[in-house]
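Please read these numbers as outputs of a predicted model, since none were measured by experiment. Order of the sequence lines fixes the chain letters, A, B, ..., with proteins taken first and strands second; residue numbering starts at 1 for each chain.
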Amino acid sequence: MPGAVISLSAKFSGGVVERSPALRLRFAPSPTGYLHVGGARTALFNWLLARRHGGSFILRIEDTDLSRSTEEAIEAIIRDMRWLGLDWDEGPEVGGEHWPYRQTGRVNLYRRAAEELMRKGAAYRCFCLPEELAERREKALKEGKSPMYDRRCRRIPWEESRDMAKDGKPFAIRFAVPEGETVVRDLVRGEVRFRNQEIEDFVLLRNDGSPTYNLAVVVDDLDMRITHVVRGDDHLPNTPKQILLYRALEAEEPAFAHLPMIVGRDGKPLSKRHGDVAVGSFRERGFLPDAMVNFLALLGWSLDDSTTIMDRDTLVAGFALERVSSKPAVWDDEKLVWMNSQYIMAMDDQALAQALMPFLAQAGLAEEGDPGALERMRRISPLVRERIKTLTDAVPLVAFFFREVEAEEDARELLRGEESRAVLRETGKRLLELESFDAAALEESMRAMADEMGVKPRKAFQPVRAAVSGSRVSPPLFESMEILGRETCLRRIARSLEEN
RNA sequence: GGCGCAUUAGUCUAGUUGGCCUAGGACGCCGCCCUCUCAAGGCGGAGAUCGCGGGUUCGAAUCCCGCAUGCGCUACCA
């Protein structure tokens, strides 16, 4: 079955075989903050495509803007990528022949490319000061004119330009946009045409010698032999500039695919204003990486008309760019929560218990590495699995298994009253008499008790639930009591009778 | 202002070359069943004149044109 890459390579790069190790994709975040879900989705699509076709997935840190980039951000991005299970074949902590996989330390490459472009007459020095530029732009805008750079420095004769540079006049290097039309053959939206006259002579190298994004990204993608650039569609208008650069450098351009943005319910790009958008905060809120990946994959892509829950193998096997939508996807927290619950329900006892341990530890209910606590949690797992949608949901639900809890006020109400007290006393008696303290025996005994006392099961069980769990909502009563053990149950029932 | 992209129910989406769409699946919502609480599960339901207006056609969500709205880009940000 031919995948997206076949048709696209046949069309745009001239024949790459299906399982092509030559396929090279990258995710290139700028480390100015945490990894947010939009970035994660972009990373995922790149990863999926690489894995689908047996190619390489590269992580590259786009830190051209040094003042806004931080080491902490880099570490956080790496941590979150790892958590999501998006492993890379080349990049930070992994290595590769294009080390370092960040732009600091690669400045010479950019400078050399800019010089090459100057030599070819495709770029020129611009001596305009940033302040002048801003002024002119504002003026043009006010007069209703196009605010594009007027290309005045393009007309400075080469020798004069060289001399001005030699005299120490600061300059930036701009790309000389040629005449004509540039067509972006986008894998998700088809051909998009741009008239070159709409593209200004953009800056390649700032007057401090640092590269701008457009230059750096092209040089890096070229150097790393990236075959497919898959990124957010906010980059679509930049693409003709980059294509022009590839051509000026006499290099073959990669295939491009622009993914729809992820927006909030208000249709605006997803941001902090919409709540937590950091991948890390979803981890802290108790979401599972597999659920995140499944959910993220469905933001702008679908396998068919009905499949929603998919494991990684299915995702990898079925992913294709041609099934990527071009309309913005709205982030729907509720659906994520539901999906997470589906993944939780699919976990076995051991896995769920293990996943829960850090959350129990954080709540002070258990020590992270305590084997006794883990074993206890493993026994509790089947009781809570269907009752939690996120891992954090489990904490209040299981707390009474790990420590004495004060009964909530609405639970105390269940403990008062003659009937309730009678039920509790009788229950205590029966618990002592039980031969085997297991759920089945407990249920049998207590149902018989309710029957004999002429009390509805519900009326008989609720006070016991309140006494034992401290709440009117808890995991199934008899199973819970079995795990708590006879002594604990008796103690709690006795205490309830005393205190209420 | 210019350029570009998008527009199927509250939401994610299916609908690739026009007829099998009296628009399919999922989340959410409502109701019933099950039931020791809460869930889970089962069954059923409401919800879309496919942004609007023209056109092409025997036939359009699907093709063409215009409009509207939203978003992006238009930086010596990425």
Side-chain angles (χ1 to χ4, degrees), chain A residues 28-30 32 62-65 67-69 126 128-130 133-134 137 140-149 170-174 184 186 189 192-195 197-200 202-208 210-214 216-217 232-240 258 260-261 263 265-269 295 298-309 322-323 325-339 341 345 383-389 397 414 443 446-447 450 456-462 464-466 469 471-478:
Chain A
S30 64
T32 51
E62 207 108 308
D63 59 351
T64 40
D65 185 1
S67 58
R68 293 200 298 155
S69 301
C126 172
C128 300
L129 271 5
L133 258 13
R137 185 172 32 248
L141 234 28
K142 213 175 286 171
E143 291 167 4
K145 289 191 207 143
S146 171
M148 277 204 303
Y149 175 61
F171 62 90
I173 293 178
R174 282 184 189 271
V184 178
D186 189 277
R189 42 202 79 196
V192 184
R193 320 184 89 86
F194 295 88
R195 286 179 294 281
Q197 57 184 10
E198 309 287 354
I199 304 170
E200 77 173 343
F202 53 97
V203 170
L204 299 174
L205 232 43
R206 304 187 184 96
N207 63 17
D208 66 356
S210 66
T212 59
Y213 167 73
N214 282 309
V217 82
D233 76 11
D234 48 339
H235 286 289
L236 186 52
N238 276 322
T239 309
H258 290 93
M261 299 288 264
V263 300
R265 280 226 128 97
D266 55 3
K268 300 246 188 322
F295 182 72
L298 254 14
L299 250 31
W301 172 82
S302 61
L303 178 68
D304 53 33
D305 63 348
S306 58
T307 311
T308 308
I309 302 289
E322 49 209 354
R323 288 197 62 87
S325 153
S326 52
K327 77 181 250 213
V330 177
W331 182 266
D332 181 0
D333 240 60
E334 285 182 338
K335 189 158 183 172
L336 205 214
V337 167
W338 168 81
M339 191 167 280
S341 75
M345 281 195 268
L383 308 187
V384 298
R385 183 164 29 226
E386 288 170 357
R387 275 161 254 266
I388 59 176
K389 293 187 186 301
L397 216 49
L414 292 169
E443 178 158 13
M446 288 186 60
R447 281 196 190 277
K456 283 212 156 69
R458 175 196 179 93
K459 283 276 186 186
F461 302 161
Q462 278 302 82
V464 181
R465 181 192 312 284
S469 76
S471 168
R472 57 195 313 159
V473 175
S474 84
L477 183 56
F478 311 113

Going by the rule side chain to side chain donor-acceptor pair (under 3.5 Å), which residues pair with A:Asn214 if we only count those two or more places apart in sequence or in a different chain? A:Gln242
Kindly state whether the pair A:His235 / B:rA78 counts as stacked, where counting means centroids closer than 5.5 Å and planes tilted less than 30° apart. yes
Any residue meeting side chain to side chain donor-acceptor pair (under 3.5 Å) with A:Arg447, in chain and number order, not counting sequence neighbours: A:Glu443
Looking at residues at least two apart in the chain, or sitting in another chain, which of them share a salt bridge (charged side-chain N to carboxylate O under 4.0 Å, His left out) with A:Arg323? none
Among all residues two or more places apart in sequence or in another chain, which pass the side chain to side chain donor-acceptor pair (under 3.5 Å) test with A:Asp305? none
Short heteroatom pairs, N/O only, protein and nucleotides 39-43 of chain B, under 3.5 Å:
| from | atom 1 | to | atom 2 | distance (Å) |
| --- | --- | --- | --- | --- |
| B:rA39 | O2' | A:Glu386 | O | 2.1 |
| B:rA40 | OP1 | A:Lys389 | NZ | 3.1 |

What does A:Gly300 touch in the nucleic acid at a heavy-atom separation under 4.0 angstrom: a base, only the sugar-phosphate, or nothing? sugar-phosphate
Report the C-alpha distance between A:His258 and A:Thr239 in whole Å, list the side-chain angles of each, state the deciding distance to 0.1 Å, and finish with yes or no for side chain to side chain contact (heavy atoms under 4.5 Å, CB included). CA-CA 10 Å; A:His258 290 93; A:Thr239 309; 3.0 Å; yes
Do the side chain of A:Arg458 and the base of B:rC36 come within less than 3.5 angstrom through a donor-acceptor pair of N or O atoms? no
Across all chains, not counting sequence neighbours, the ring-ring contact (aromatic ring centres under 6.0 Å, His included) partners of A:Trp331 are A:Phe282, A:Phe295
Not counting sequence neighbours, which residues clear salt bridge (charged side-chain N to carboxylate O under 4.0 Å, His left out) with A:Asp234? List them please. none
Give the rounded distance in Å between these two atoms: CD of A:Glu334 and P of B:rA26. 17 Å
Sorted by chain and residue number, the side-chain contact (heavy atoms from CB on, under 4.5 Å) partners of A:Thr308 (sequence neighbours excluded) come out as A:Leu298, A:Lys335, A:Trp338, A:Met339
Residues forming a salt bridge (charged side-chain N to carboxylate O under 4.0 Å, His left out) with A:Arg137, sequence neighbours excluded: none
Could you list the residues that satisfy side chain to side chain donor-acceptor pair (under 3.5 Å) with A:Glu200, not counting sequence neighbours? none
What one-letter contact string describes nucleotides 1-9 of chain B from 5' to 3', where B marks a base within less than 4.0 Å of any protein heavy atom, S marks contact via sugar-phosphate atoms alone, and - marks no contact? BSSSSSSB-
Short heteroatom pairs, N/O only, protein and nucleotides 19-22 of chain B, under 3.5 Å:
none

Please determine, for the side chain of A:Glu62, which listed nucleotide (B:rA78, B:rA14, B:rU11) has the closest atom? B:rA78
